[in-house]
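Here is the structure we will look at.
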There are 4 protein chains.
Amino acid sequence: MEQLTTKENTDHLVEAFMEVRTYTEFLCNPLQVEDYIPQPVHFASPPKWHIAHTSWFFEELLLKRFLPDYTEFHPEFSFLFNSYYNALGNRIMRENRGSITRPTVEQVFSYRTHINESVQEFIKGPHFTNEAKDILILGLNHEQQHQELLLTDLKHTFGHNPIFPIYKPGYFPTETTNKEKGFATIKEGIYNIGFEGDGFCYDNELGRHKQYIHSFSVSKALVTNGEFLSFMEDGGYLKAELWHDEGWSWVQKETIRSPLYWHKIEGQWMYYTLGGLKKVNKNAILSHISFYEAFAFAEWSGKRLLTEAEWEVASDQFNWGTRWEWTNSAYLPYPGFQKEEGAIGEYNGKFMVNQMVLRGASVGTSPGHSRKTYRNFFHPHHRWQFTGIRLAENKEYE
Amino acid sequence: MEQLTTKENTDHLVEAFMEVRTYTEFLCNPLQVEDYIPQPVHFASPPKWHIAHTSWFFEELLLKRFLPDYTEFHPEFSFLFNSYYNALGNRIMRENRGSITRPTVEQVFSYRTHINESVQEFIKGPHFTNEAKDILILGLNHEQQHQELLLTDLKHTFGHNPIFPIYKPGYFPTETTNKEKGFATIKEGIYNIGFEGDGFCYDNELGRHKQYIHSFSVSKALVTNGEFLSFMEDGGYLKAELWHDEGWSWVQKETIRSPLYWHKIEGQWMYYTLGGLKKVNKNAILSHISFYEAFAFAEWSGKRLLTEAEWEVASDQFNWGTRWEWTNSAYLPYPGFQKEEGAIGEYNGKFMVNQMVLRGASVGTSPGHSRKTYRNFFHPHHRWQFTGIRLAENKEYE
Amino acid sequence: MEQLTTKENTDHLVEAFMEVRTYTEFLCNPLQVEDYIPQPVHFASPPKWHIAHTSWFFEELLLKRFLPDYTEFHPEFSFLFNSYYNALGNRIMRENRGSITRPTVEQVFSYRTHINESVQEFIKGPHFTNEAKDILILGLNHEQQHQELLLTDLKHTFGHNPIFPIYKPGYFPTETTNKEKGFATIKEGIYNIGFEGDGFCYDNELGRHKQYIHSFSVSKALVTNGEFLSFMEDGGYLKAELWHDEGWSWVQKETIRSPLYWHKIEGQWMYYTLGGLKKVNKNAILSHISFYEAFAFAEWSGKRLLTEAEWEVASDQFNWGTRWEWTNSAYLPYPGFQKEEGAIGEYNGKFMVNQMVLRGASVGTSPGHSRKTYRNFFHPHHRWQFTGIRLAENKEYE
Amino acid sequence: MEQLTTKENTDHLVEAFMEVRTYTEFLCNPLQVEDYIPQPVHFASPPKWHIAHTSWFFEELLLKRFLPDYTEFHPEFSFLFNSYYNALGNRIMRENRGSITRPTVEQVFSYRTHINESVQEFIKGPHFTNEAKDILILGLNHEQQHQELLLTDLKHTFGHNPIFPIYKPGYFPTETTNKEKGFATIKEGIYNIGFEGDGFCYDNELGRHKQYIHSFSVSKALVTNGEFLSFMEDGGYLKAELWHDEGWSWVQKETIRSPLYWHKIEGQWMYYTLGGLKKVNKNAILSHISFYEAFAFAEWSGKRLLTEAEWEVASDQFNWGTRWEWTNSAYLPYPGFQKEEGAIGEYNGKFMVNQMVLRGASVGTSPGHSRKTYRNFFHPHHRWQFTGIRLAENKEYE
């Protein structure tokens, strides 16, 4: 662990801290006050809550713990902006976040400013330990995760408004296309899986361990809108044999017939983007599909999804980073996984059931917040993230 | 019907129109932009929606129908701010109103200003007929209903926020107490029920008809918080025999143990008012109870609720107007009730099942918006209105 | 009250008792053991439960209360076969009745025999008081109500079995047709409503009182299948304006497009009867519709349903007794209604909210169990009873 | 594949067939007709359905496919007793199985006899191919799975009946205790996982493949009731930090405070067994717990559950076969898993999401129906199977 006593080091940390904090505010710039309030579905959160909760994290886990004379900004905020940390006392029921109009957006930004100043002083001051530094860096990564959620939650709100608002005037999201074609093949053998190195990683990436992997080949390109349209036109959503039993129930019960945000308007497939409603581009990479849809598409293609270990081993051989890629791996602990004591231990471990792993990163992922060992995870029916499909098949190594 | 061609008449109508419209804005003055957005429960609406919908009513049912060259303010508003008028095309699902952040509050107030100007011109112009005048007046009464809902919906949002916001600085709602004691007795016989006279009434008050009423006596005072506390302390919420079967299920399932907005904090009963959290005043008149609770309390008291006809006949003999009073009458049509053609016919008739009638008015009712034949109605479990209890008993006339 | 000391009187009561008890068993004769078990929906009950509960009533409210040395048949039956009498201790959750396989059907019939013998002895013995006699007669009427429910609950089970079982071999339910046509007209004035006379009635019929009724005319015939088909073919299920708001939600959510038990098979409307699947007979009287459907049909016809008081006043002028007829009256207490003390007080009063009154009787009603003051009641969406529609309209008396 | 033309071979198969079929009937011997009907919860099935469905399997997948002139026993049975095979046409909704009283139990046993005779003839006849033999053996294993479900479903029905029926007179289930103590340690390295050999296995066990396993030690004994009582008494059900997030929600929502079938009666922990209600034996092996509870108990113990590969590798070193043991592995395909074409392909593959793997076998498993590569699977909240806990920990090989 590097020495923290030098001014150069702390300057660097202050800079990193402010860079992440400023980026959150940059994302919020185009928002109207109204946009900060709603929670469109129970698994999303209002932007105001993201703004406040990412500050709360630094106050609760850093300032209150390490600064002997720190006074909290507001005594109720600890309760209002806790997310799921049971160890830190009660929290407001997740599904009620969208009715909390006060504190106002302005007050929440004052809270933010207060935290920014306090943390900067703290970094430069005498109480900033190695342990504090680790939590600071965890907090910055935590905030980056919320930056992506802020965008996808906002897209959910805008994408379900009948007037389809535009995120910012002139905003035109690049429609990502594949840069590569063809397949890469991986050789059978023992591989090391999990994070190694000096940088930051989450606890769920630790426990670097050996896995035996059988040979397979993997597509360098992600599935496109056009390919998924072929699946739809071939009746993919109507063929029970392509789906998991629970996926099929989901399709039936929710009457799913296309990816999220797609609308057939006067015979033309359109989709909502943060730049407004647009014609579906067949060459662009598919997004906003659930694990169930990813699996069914793979079945229909006569191929399969990767496991997360396969993905990690092969990831040097293809471009990634525009879509979170569904794997066929359930989110489970690595051998030797140890969750930390207290609230920080609740970060990852307690979600290790009933969720599927995504690998890669997306167009919504914050700069610098990705690496090949990163494990993201969502329930198999969720599709409001920028999710995509990469196909693989069993193959002898050539 | 009075002549509308005189300037004096139209001046009077313009004045009445602006008085009601201005009162809505007066109620909104203390709000922050944030407060306009949430829909805390599916049966409530966001303030922004109330602001827009009351304008929509004038645009849709008056300006579009009577002004030959009227251009609508925004083509999507007809859809966005329709409430339940099936005859006027699709409408946004009632439970999704709280996620519509755009148009902004400012835009909705521009819409309001536009409607205000257009309606004023329309009243003074050549297309303003007797029929239009009737709809104008209906629209003003409609807006007054939404003024009360705006307050009670807002109270629901604030009353469920853990920091219990205050409606406006220094706001201190008068705690209403009874001005009278004792009982009035009504003599058996035939009475005329329903509206008569020249003023405005809703279609559900029409069809003035005869009812035979048996003698009874009625309390001049409404039930107080202190009396209801006695019921609570006597285990009223735990005694199945006092409740309707469905009331008992509701109490069990929702774990109801006190009126809405009451909280026992450190051994002291407190309640949320728009002026903040306060100690329960035992002498103040009880509010925020469901029909189920009103009925159970009456059972416990050995008395009963009035029917709506009894209430109408007796209402000259007691003070009313601070609490909507639950009656034991289901909301049903009067003999000869005819609903009007088209959208206006949807105003009242289609709700005549599974709801109970309230009579009187409340502290939240707008000035001038009450009369003794007025029929309000809610489901028996609802209690976010300013509802109260008046007791009666069968008695020979003295 | 008649003297009970004569042998003639008690003989007559024993005979009446056994007649009702035997009729229940007669209804059960065609059943297989399997048929006694399921509870197809939470508002229905298994035949075994009806068999046991009607015996339980006599044991719990008669034998245990009036016979000093009575020993209950089985200590758990008091709990197992209580229906909704909160005053008599816990009861099994209503929705779980269909999983109680033990005691067996045979054991429940042994219980029945034991109760039959005990009650007969009790009637002839020294403890049989006037009060006991009243409860005995209430118990017989209670059992007759369950006889009709047994049939309609059984029809629900059979009518949802894909092989559509027949109630008994050769069973061919008479398809009731109207014997009369035309309208009867009732004159405006004060009428007495409610039961009078010496025979049995329920507490909800008591409190004979005056009602002022306005003139109206009423159809002597009930609505037929053919007439309802015209409503269906005219898009009655698709026209929001014909329905209550909650009726419309029900139609949408449950995708209701025809009466219960109707199936369109190869272009032909069929319906399930206890005699099997049959072609819909257009001349037969309509059955198995909800209050919502009855109301919408009346709207479509340009007519209306009767109130229950109107029905009672007019009932001498038409044939009734094959279909329970939906009225537009909510089930509410008559003036002066007093519920009795203890468990018997739970019989009727606690259901007086959110239900609509039916008048008349049906093909499933037990012999002797009907009179013109009888008030039946169900929730507005229920339609598994033999319900029908009689139309009325406002009219000057001719 | 062995020659099927010899009489010896077919005699052996007929014998194996009748042995399995007879065992199902042996399990049903103590049942009353009533017991065959209810479906107590949507994930369980009525005994009558198990009896019929296991016959249906042979009729649908064997007799109809391989016997050119086979006539089905009853044309509706194909629909009534299909379970989840979408490829074979419609099926009755799973949650409605408990309302199908007809065909009667007797008719279903006639169906069974008919199938028994037809299959025996078929085995001895000229159309019996190698492919048919494979399906016959699959059908026998399928029936053995339903034998265990029949017992556990029946236990659910009896265990929720307030009179706690006994499965058969004098039935006294052996309370299984641990035969061994201590830990076994497994050495790090590459292991082969999955089935190999000549006997039967399911498709989900195939694809024998290499896995790299890190060293660990595993308890030879399963967790006992006494050990679980310590967890309960230490507040295990009240400590959020021990649970998965979804497990914690389940505990809160369902108010779980003990294993299924446990009741605290007058201060004493009792549990329902098929032999009736008994005092909890602290030395007996724990059963009827969910994966969530198994995981929380392991957390509380400072240990962990095994993965399914670890279990398979270590299973030769401990006794197993009395409790299905929850692993911390999600039910996913092995590398190279290929589901078969058509209906048989629906047997396993489509359930490979959101379920957890159990390994071993239980007291309810049919004779001969277990092996160390067997993969059973249930949702993490299910606990009506005979489930148990085996603890492991990371440890260097000694």
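Naming: A, B, ... by sequence-line order, numbering from 1 per chain.
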Interface moiety of C:Leu154 toward chain D, non-hydrogen atoms closer than 4.5 Å: neither

Going from CD1 on D:Ile163 to CZ on C:Phe77, what distance comes out if it is rounded to the nearest 0.5 angstrom? 6.5 Å

What part of C:Phe158 lies closer than 4.5 angstrom to a heavy atom of chain D: side chain, backbone, both or neither? side chain

How far apart are the C-alpha atoms of C:Asn161 and D:Arg102, what are their side-chain angles, what is the distance that settles it, and do they pass the side chain to side chain contact (heavy atoms under 4.5 Å, CB included) test? CA-CA 8 Å; C:Asn161 186 323; D:Arg102 312 286 183 95; 4.1 Å; yes

Max heavy-atom pair count under 4.5 Å with chain D, selected residue of C:Thr157, C:Thr104, C:Asp35, C:Val105: C:Asp35

Is the number of heavy atoms from other residues, nucleotides or ligands within 6.0 Å of CD (C:Gln252) greater than 12? yes

With a 4.5 Å cut-off on side-chain heavy atoms, are D:Glu34 and C:Ile100 touching? no

Considering only heavy atoms from C-beta outward, does the side chain of D:Gln32 approach that of C:Thr101 to under 4.5 Å? no

Please classify the contact of D:Pro165 with chain C as side chain, backbone, both or neither, using a heavy-atom distance under 4.5 Å. side chain

For C:Pro38 and D:Gly98, which heavy atoms make the closest approach, and how far apart are they? CB-O, 3.5 Å

In this structure, are over 12 heavy atoms from other groups packed under 6.0 Å from C:Glu25 atom CD? yes

Heavy-atom distance under 4.5 Å to chain C: side chain of D:Pro103, backbone, both or neither? both

